[in-house]
J.: 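Below: one structure in structure tokens.
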There are 2 protein chains.
Amino acid sequence: MRILVVEDDAVLAEGTCESLSKAGYAVDLAETGTQANSLLDAGNYDMVLLDIGLPGMDGFEVLRRLRKHNTSIPVLIISARDDVDFRIYGLDLGADDFMLKPFVLAELHARTRALLRRHVLSERNALSCGALVVDLAAQRASVNGEPIELSIREWDVLVYLLRNLGKVVRKEAIIETLCDWKTDLSVNAIEVYISRLRSKLDSHGINIRTVRGFGYLLDEPSA
Amino acid sequence: MRILVVEDDAVLAEGTCESLSKAGYAVDLAETGTQANSLLDAGNYDMVLLDIGLPGMDGFEVLRRLRKHNTSIPVLIISARDDVDFRIYGLDLGADDFMLKPFVLAELHARTRALLRRHVLSERNALSCGALVVDLAAQRASVNGEPIELSIREWDVLVYLLRNLGKVVRKEAIIETLCDWKTDLSVNAIEVYISRLRSKLDSHGINIRTVRGFGYLLDEPSA
DNA sequence: GCGCACCTGACATTAGGCTGACATTTATTT
DNA sequence: AAATAAATGTCAGCCTAATGTCAGGTGCGC
């Protein structure tokens with residue numbers, strides 16, 4: 001998931017970018033409207049975090065241009081002004097959400113997740129967890145766009161974990177979903193799949209946690 | 001347990017509905033996709049039995065619409081086609097299980113039970129006491145959102161205390177719930193669990209009180 | 001102060017989990 | 001059809017967290 005942050009305040013920009021990076025997103029920063037425009041033309045981002053109050057070309061202008069190119073990238077507007085007209089204006093221009101300054105990082109993350117889920121993921125029929133995206137239609141998994149090769153079993157287990165994000169899943173439950181009621185697998189087999197999945201995902205910062213005595217857990221990405 | 005059966009073949013529909021009714025489920029029948037949709041919008045079902053081959057709006061479309069409303073109702077797909085892509089497509093759309101026509105009623109019942117068990121019965125039901133929340137479905141405990149790591153024993157004891165909130169529980173009662181009548185634990189073991197639980201919970205303001213001579217007590221949160 | 005119930009740090013033991021290696025099955029290529 | 005490669009599942013040895021017992025300490029209630 002690539003996010004473009006458009007923010008002129010250096011301090012705020014750094015905090016935001018760092019926090020999003022830590023959560024596993026690939027983040028770029030634009031400090032002016034024009035810079036934002038060229039970056040948007042070039043790179044393919046999955047979302048834009050847009051501060052309205054920019055020197056020179058302001059945020060609304062960036063948004064207007066973006067929408068002219070008919071892209072449907074979700075845009076989250078950040079602004080210090082709160083009056084209703086202002087907000088409505090932004091949404092009419094095609095923004096998807098609106099957040100008031102100052103904001104808490106947790107809120108930023110929540111809104112980011114919601115937007116990505118609503119737009120990018122649902123359009124693509126995909127599941128995600130931080131930088132990890134699992135495209136169900138295309139049967140492909142990737143982290144930050146870099147594809148991950150998975151065998152069928154690994155794929156199934158991962159999808160199951162993603163469908164139960166934040167929940168501990170029992171090994172028996174995994175076995176049930178894997179074999180269509182015919183074979184039965186040893187519990188150890190699941191451990192092996194998890195081990196193999198980990199060897200592919202750990203290096204990308206995706207951690208499958210073990211909950212001793214219960215099963216496994218894929219945590220929702222946190223701030 | 002309310003089940004919606006979506007099936008256009010009158011004979012098959014009748015058989016299925018009758019069988020499920022006899023088993024004690026409340027069953028409704030939809031004979032077309034559109035009918036299914038409106039029923040799903042209106043009534044709250046615990047499960048859907050979905051034939052894919054429908055006149056007009058097909059089963060996949062019904063499923064897609066259902067999932068768009070992000071409901072997590074379990075869906076069991078019934079189809080005469082068996083090729084893998086087809087099956088995968090359904091499951092990716094968010095179906096929970098897949099059954100080939102023709103099927104035996106026993107299998108239908110087995111899968112129905114399994115699905116209901118997995119979903120509805122395990123639907124997020126949480127126990128809480130003040131800031132402490134114990135999510136039974138996710139197998140996770142947290143205080144003010146901050147997760148608390150618990151071992152199985154600690155978990156079991158805590159759940160038991162929470163299920164008897166405000167009541168004094170005897171140590172013997174805890175022992176009974178812990179071991180299924182097999183092992184015999186010393187009373188001291190319970191004291192140790194409580195001690196360990198306290199060391200994890202006290203700092204978060206959750207206090208397990210000792211009632212000398214009787215057992216332990218988790219107080220209902222006071223105003 | 002005394003006795004008893006309870007607490008808790010330390011320890012040995014156990015059970016659960018990890019993973020490299022191998023045998024077997026399945027898919028792909030030639 | 002044979003050869004090759006990939007995926008799968010089992011196993012065994014290793015490692016570590018969890019468990020349960022003990023023993024000495026604490027403190028409640030009389």
Side-chain angles (χ1 to χ4, degrees), chain A residues 139-141 147-161 168-203 206-219, chain B residues 83-85 87-88 139-141 147-161 168-203 206-218:
Chain A
Q139 293 258 26
R140 279 174 39 197
I148 309 274
E149 299 291 335
L150 297 176
S151 75
I152 302 181
R153 284 273 123 118
E154 289 160 2
W155 169 271
D156 285 345
V157 171
L158 182 58
V159 167
Y160 189 69
L161 284 172
V168 175
V169 297
R170 291 176 308 106
K171 292 174 196 173
E172 291 75 22
I174 299 179
I175 292 178
E176 274 188 23
T177 60
L178 289 195
C179 17
D180 264 342
W181 308 87
K182 359 175 206 196
T183 334
D184 60 338
L185 284 177
S186 70
V187 169
N188 176 254
I190 305 298
E191 292 165 7
V192 174
Y193 304 151
I194 293 285
S195 173
R196 288 174 185 154
L197 264 178
R198 277 179 174 151
S199 70
K200 293 184 180 179
L201 296 178
D202 270 4
S203 59
I206 307 293
N207 307 89
I208 301 172
R209 279 177 38 201
T210 302
V211 185
R212 197 165 247 261
F214 291 106
Y216 298 97
L217 166 68
L218 204 49
D219 249 325
Chain B
D83 54 289
V84 180
D85 289 345
R87 179 181 294 237
I88 286 180
Q139 299 262 28
R140 303 184 79 185
I148 309 276
E149 304 287 340
L150 298 176
S151 75
I152 307 185
R153 285 273 125 117
E154 289 159 4
W155 169 272
D156 285 345
V157 171
L158 182 57
V159 166
Y160 189 69
L161 285 172
V168 176
V169 297
R170 291 177 307 107
K171 291 175 195 170
E172 291 74 20
I174 298 179
I175 292 179
E176 276 182 25
T177 59
L178 288 195
C179 17
D180 277 333
W181 299 94
K182 19 181 190 184
T183 333
D184 228 351
L185 281 179
S186 72
V187 170
N188 176 252
I190 305 298
E191 293 166 5
V192 174
Y193 305 152
I194 294 285
S195 170
R196 288 175 186 154
L197 264 178
R198 278 178 173 152
S199 71
K200 291 184 182 180
L201 296 177
D202 270 3
S203 59
I206 308 292
N207 307 89
I208 301 173
R209 279 174 38 202
T210 303
V211 185
R212 216 184 162 75
F214 292 96
Y216 298 97
L217 166 67
L218 202 50

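Reminder, nothing fancy here: chain letters follow the sequence lines and each chain counts from 1.
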J.: Report the distance from atom CD of B:Glu172 to atom C1' of C:dA5, rounded to the nearest whole Å.
T.: 13 Å
J.: For B:Tyr160, which residues count as a ring pair (Phe, Tyr, Trp, His ring centres under 6.0 Å) partner, sequence neighbours excluded?
T.: none
J.: In whole Å, what is the span from the CD1 atom of A:Ile190 to the C1' atom of D:dT10?
T.: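 So the CD1-C1' distance, A:Ile190 to D:dT10, works out to 13 Å.
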J.: Going by the rule side-chain hydrogen bond (donor to acceptor under 3.5 Å, both in side chains), which residues pair with B:Asn188 if we only count those two or more places apart in sequence or in a different chain?
T.: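 B:Asn188 satisfies side-chain hydrogen bond (donor to acceptor under 3.5 Å, both in side chains) with B:Glu191 once adjacent residues are dropped.
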J.: What residues form a side-chain contact (heavy atoms from CB on, under 4.5 Å) with B:Ser195, not counting sequence neighbours?
T.: none
J.: Do you know which two heavy atoms are closest between B:Glu172 and B:Val187, and how far apart they sit?
T.: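 For B:Glu172 versus B:Val187, the nearest heavy atoms are OE2-CG2, 4.2 Å.
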J.: Taking side-chain hydrogen bond (donor to acceptor under 3.5 Å, both in side chains) as the definition, give me every residue that meets it alongside B:Arg196, ordered by chain and number, with sequence neighbours left out.
T.: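 Not a single residue meets the side-chain hydrogen bond (donor to acceptor under 3.5 Å, both in side chains) criterion with B:Arg196.
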J.: Counting only side-chain nitrogens and oxygens, does B:Ser151 get under 4.0 Å of the OP1 or OP2 atom of D:dT19?
T.: yes
J.: Without decimals, in angstroms, what is the distance between A:Leu197 CG and C:dG17 P?
T.: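 Value for this atom pair: 17 Å.
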J.: In whole Å, what is the span from the CD1 atom of B:Ile175 to the P atom of D:dT19?
T.: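 Roughly 15 Å, once rounded to whole Å.
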J.: Considering residues at least two apart in sequence or located in another chain, which fulfil the salt bridge (charged side-chain N to carboxylate O under 4.0 Å, His left out) criterion with B:Arg209?
T.: B:Asp219
J.: Could I get the full list of side-chain hydrogen bond (donor to acceptor under 3.5 Å, both in side chains) partners for A:Arg198, not counting sequence neighbours?
T.: A:Thr210
J.: Where do B:Leu218 and B:Ile206 land on the side chain to side chain contact (heavy atoms under 4.5 Å, CB included) test, with the steps shown first?
T.: CA-CA 8 Å; B:Leu218 202 50; B:Ile206 308 292; 4.1 Å; yes
J.: Set out, in order, the CA-CA distance, both residues' side-chain angles and the distance that settles side chain to side chain contact (heavy atoms under 4.5 Å, CB included) for B:Trp155 and A:Val211, then state yes or no.
T.: CA-CA 12 Å; B:Trp155 169 272; A:Val211 185; over 6 Å; no
J.: Enumerate the protein-to-nucleotides 26-28 of chain C contacts in which both atoms are nitrogen or oxygen and the separation is below 3.5 Å.
T.:
none

J.: Let me check the geometry of the helix from C:dG1-D:dC30 to C:dT30-D:dA1. What is the bend angle between the axes at its two ends, five pairs each, to 10°?
T.: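 The end axes of the helix from C:dG1-D:dC30 to C:dT30-D:dA1 are about 40° apart, to the nearest 10°.
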J.: Please determine if a side-chain N or O atom of A:Ser186 lies less than 4.0 Å away from the OP1 or OP2 oxygen of D:dG9.
T.: no
J.: Please state whether the phosphate of D:dG9, meaning OP1 or OP2, lies under 4.0 angstrom from any side-chain nitrogen or oxygen of A:Arg153.
T.: yes
J.: Given atom CZ of A:Arg209 and atom P of C:dG17, what is their separation to the nearest angstrom?
T.: 14 Å
J.: Rounding to a whole Å, what distance do you find between A:Ile208:CD1 and C:dC18:C1'?
T.: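 Going from A:Ile208 (CD1) to C:dC18 (C1'), I get 13 Å.
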J.: Can you give one letter per nucleotide of nucleotides 6-16 of chain C, 5' to 3': B if a protein heavy atom sits under 4.0 Å from the base, S if only from the sugar-phosphate, - if neither?
T.: SBB-B----BB
J.: Output the rounded distance in Å from CG (A:Leu217) to C1' (C:dG17).
T.: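 Rounded to the whole Å, the gap is 16 Å.
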J.: Return the value, rounded to whole Å, for the distance between atom CH2 of A:Trp155 and atom P of D:dA7.
T.: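 Atom CH2 in A:Trp155 sits about 15 Å away from atom P in D:dA7.
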J.: Where is the tightest heavy-atom contact between A:Leu197 and A:Val157, given as atom of each residue plus distance?
T.: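 Looks like CD1-CG1, 3.8 Å.
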J.: Could you tell me which residues satisfy side-chain contact (heavy atoms from CB on, under 4.5 Å) with B:Ile152, sequence neighbours excluded, listed by chain and number?
T.: A:Phe214, B:Asp156
